[in-house]
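Heads up: the structure comes next, in structure tokens.
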Amino acid sequence: MTATPDDTADTPTSGPTSRPTSAGTVETPGDPAGTLIPGYSSPGARPVPWETVRRVLERAEISWISTVRPDGRPHVTPLMTVVADGCLHLTTGPEERKARNLAENPHVVLTTGTNAYVDALDVVVEGEAVRVTDDAALHRLAERWRCKYGDEWAFSVQDGTFRHGDGGEALVFAVRPEVVFAYERTAEHAAMRWRFGDDGREARTAGAS
């Protein structure tokens with residue numbers, strides 16, 4: 001069996017102690033150190049800073065979400081995301097395939113980056129999608145959507161959902177990162193992994209100091 005980055009040993013990278021997440025970012029303030037994956041990195045590669053990964057997640061206009069159909073087959077589709085309260089947020093119509101998949105299995109993978117080979121950074125986020133239904137939280141998220149994507153994506157809030165101008169309903173989900181991978185390709189290649197606990201703090205791997 002061919003090894004994947006998740007199967008290989010980690011090289012802990014230095015970094016300050018992590019602290020609880022702050023609203024509006026995916027980061028744990030203090031920048032979690034993460035681990036460099038030697039088998040998928042150039043010799044002597046420098047670790048990718050979490051700040052760089054955070055900016056990619058915040059600025060990404062399109063990400064790809066992977067969910068699982070009830071019969072076990074995968075489903076992948078592009079969508080927009082907004083970062084707030086330590087989570088990536090996404091929307092879906094209640095009858096869309098991804099909404100039906102999430103009703104059966106909330107575990108997702110969100111991927112963003114570029115299809116370029118050189119001077120590129122791809123980011124992969126694993127986590128669980130949880131419905132956001134609190135009206136106050138939805139109003140804050142609606143404003144973030146409008147600020148990021150423009151007035152065409154201005155939502156109102158009704159009955160725990162987003163409503164578009166045409167009356168269409170959208171469910172809102174929050175994905176708090178559990179594992180994040182980053183693959184940087186410059187003059188050298190660097191593969192990184194960060195693990196987070198339920199409280200958003202970095203969970204260091206066994207053997208990491």
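Note that the structure is a prediction, hence the values are computed from the model and not measured. What's counted below: heavy atoms across the whole structure, side chains too, no hydrogens, waters or symmetry copies.
- Inter-residue side-chain proximity for L171 and R131 is flagged as met; some heavy-atom pair is nearer than 4.5 Å.
- Residues F181 and W194 keep their aromatic ring centres 6.0 Å or farther apart.
- Between R163 and D159, the shortest heavy-atom contact is NH2-OD2, 4.2 Å.
- Residues V157 and W145 share a hydrophobic cluster, clusters being chains of Ile/Leu/Val/Met/Phe/Trp/Tyr side chains in contact below 4.5 Å.
- Residues V125 and M80 do not share a hydrophobic cluster, clusters being chains of Ile/Leu/Val/Met/Phe/Trp/Tyr side chains in contact below 4.5 Å.
- Although no hydrogens or angles enter the test, the distance criterion places a donor-acceptor pair under 3.5 Å between the side chain of E188 and the main chain of R46.
- Note on V123: it clusters hydrophobically with L36, by side-chain heavy-atom contacts below 4.5 Å among ILVMFWY residues.
- For F155 and H164, the distance between ring centers is under 6.0 angstrom.
- Using a cut-off of 4.0 Å between Lys/Arg side-chain N and Asp/Glu carboxylate O, E51 and R54 are scored as salt-bridged.
- Side chains of Y183 and V48 form no contact here, defined as non-hydrogen atoms less than 4.5 Å apart.
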**Request:** Check the pair E178, R195 against salt bridge (Lys or Arg N to Asp or Glu O under 4.0 Å), reporting the backbone distance first and the verdict last.
**Result:** CA-CA 6 Å; E178 297 174 358; R195 297 184 187 275; over 6 Å; no
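- Between the side chain of Y149 and the backbone N or O of T81 there is at least one donor-acceptor pair closer than 3.5 Å.
- A donor-acceptor pair is defined here as one N or O able to donate and one able to accept, closer than 3.5 Å; such a pair exists between the side chain of R185 and the backbone of Y117.
- Under the 4.5 Å side-chain criterion, counting only non-hydrogen atoms from C-beta, E126 is not in contact with P177.
- At least one side-chain heavy atom of F162 sits under 4.5 Å from a side-chain heavy atom of L138.
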**Request:** Kindly determine whether R193 and I37 satisfy side-chain contact (heavy atoms from CB on, under 4.5 Å), including the steps that lead there.
**Result:** CA-CA 7 Å; R193 175 171 58 231; I37 306 172; 4.0 Å; yes
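- Separating the CD atom in E61 from the OG1 atom in T112 is a distance of 9.5 Å, to the nearest 0.5 Å.
- Within the 4.5 Å cutoff, no side-chain heavy atoms of V68 are placed close to those of N101.
- In this structure, R176 does not pair ionically with D85, as no charged nitrogen and carboxylate oxygen lie closer than 4.0 Å.
- Considering all non-hydrogen atoms of both residues, A190 and A45 come closest at CB-CB, 4.2 Å.
- Within a 6.0 Å sphere centred on CG of D166, heavy atoms belonging to other residues, nucleotides or ligands number more than 12.
- Minimum heavy-atom separation, C87 to A174: CB-CB, 4.1 Å.
- In this structure, S42 contributes its side chain and H189 its backbone to a donor-acceptor pair below 3.5 Å.
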**Worked check of side-chain contact (heavy atoms from CB on, under 4.5 Å) between L88 and F173** = CA-CA 8 Å; L88 288 161; F173 288 85; over 6 Å; no
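- Under the 4.5 Å side-chain heavy-atom criterion for grouping Ile, Leu, Val, Met, Phe, Trp and Tyr, L110 is not connected to V130 through any hydrophobic cluster.
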**Request:** Go through the steps for V180 and V53 under the test side-chain contact (heavy atoms from CB on, under 4.5 Å), then give the verdict.
**Result:** CA-CA 9 Å; V180 178; V53 175; 4.1 Å; yes
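- Residue L141 holds its CG atom at 7.5 Å from CZ of R144, rounded to the nearest 0.5 Å.
- The shortest side-chain heavy-atom distance between V109 and I65 does not fall under the 4.5 Å cut-off.
- Under 4.0 Å is where a charged nitrogen must lie from a carboxylate oxygen, and between R146 and D151 at least one such pair does.
- Of the possible donor and acceptor atoms, none in the side chain of K148 sits under 3.5 Å from a partner among the backbone N and O of E143.
- Counting heavy atoms from C-beta on, the side chains of D122 and T114 come closer than 4.5 Å.
- Side-chain atoms of T161 do not come within 3.5 Å of backbone N or O of E169 as any donor-acceptor pair.
- V124 and I62 sit in two unconnected hydrophobic clusters of ILVMFWY residues. Membership requires side-chain heavy atoms under 4.5 Å apart, directly or through other members.
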**Asked** Please walk me through it: do V108 and L102 pass side-chain contact (heavy atoms from CB on, under 4.5 Å)?
**Response** CA-CA 8 Å; V108 302; L102 292 174; 3.3 Å; yes
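- H89 NE2 to L79 CG: the interatomic distance, rounded to the nearest 0.5 Å, is 13.5 Å.
- T77 is listed as a side-chain neighbour of K98, based on a closest heavy-atom distance under 4.5 Å.
- With respect to D71 and R73, a salt bridge is recorded, a charged nitrogen being found less than 4.0 Å from a carboxylate O.
- Between V76 and S66, the shortest heavy-atom distance links the atoms CG2-OG, 3.5 Å.
- Under a cut-off of 6.0 angstrom, the local environment of CZ in R97 is crowded, with over 12 non-hydrogen atoms contributed by other residues, nucleotides or ligands.
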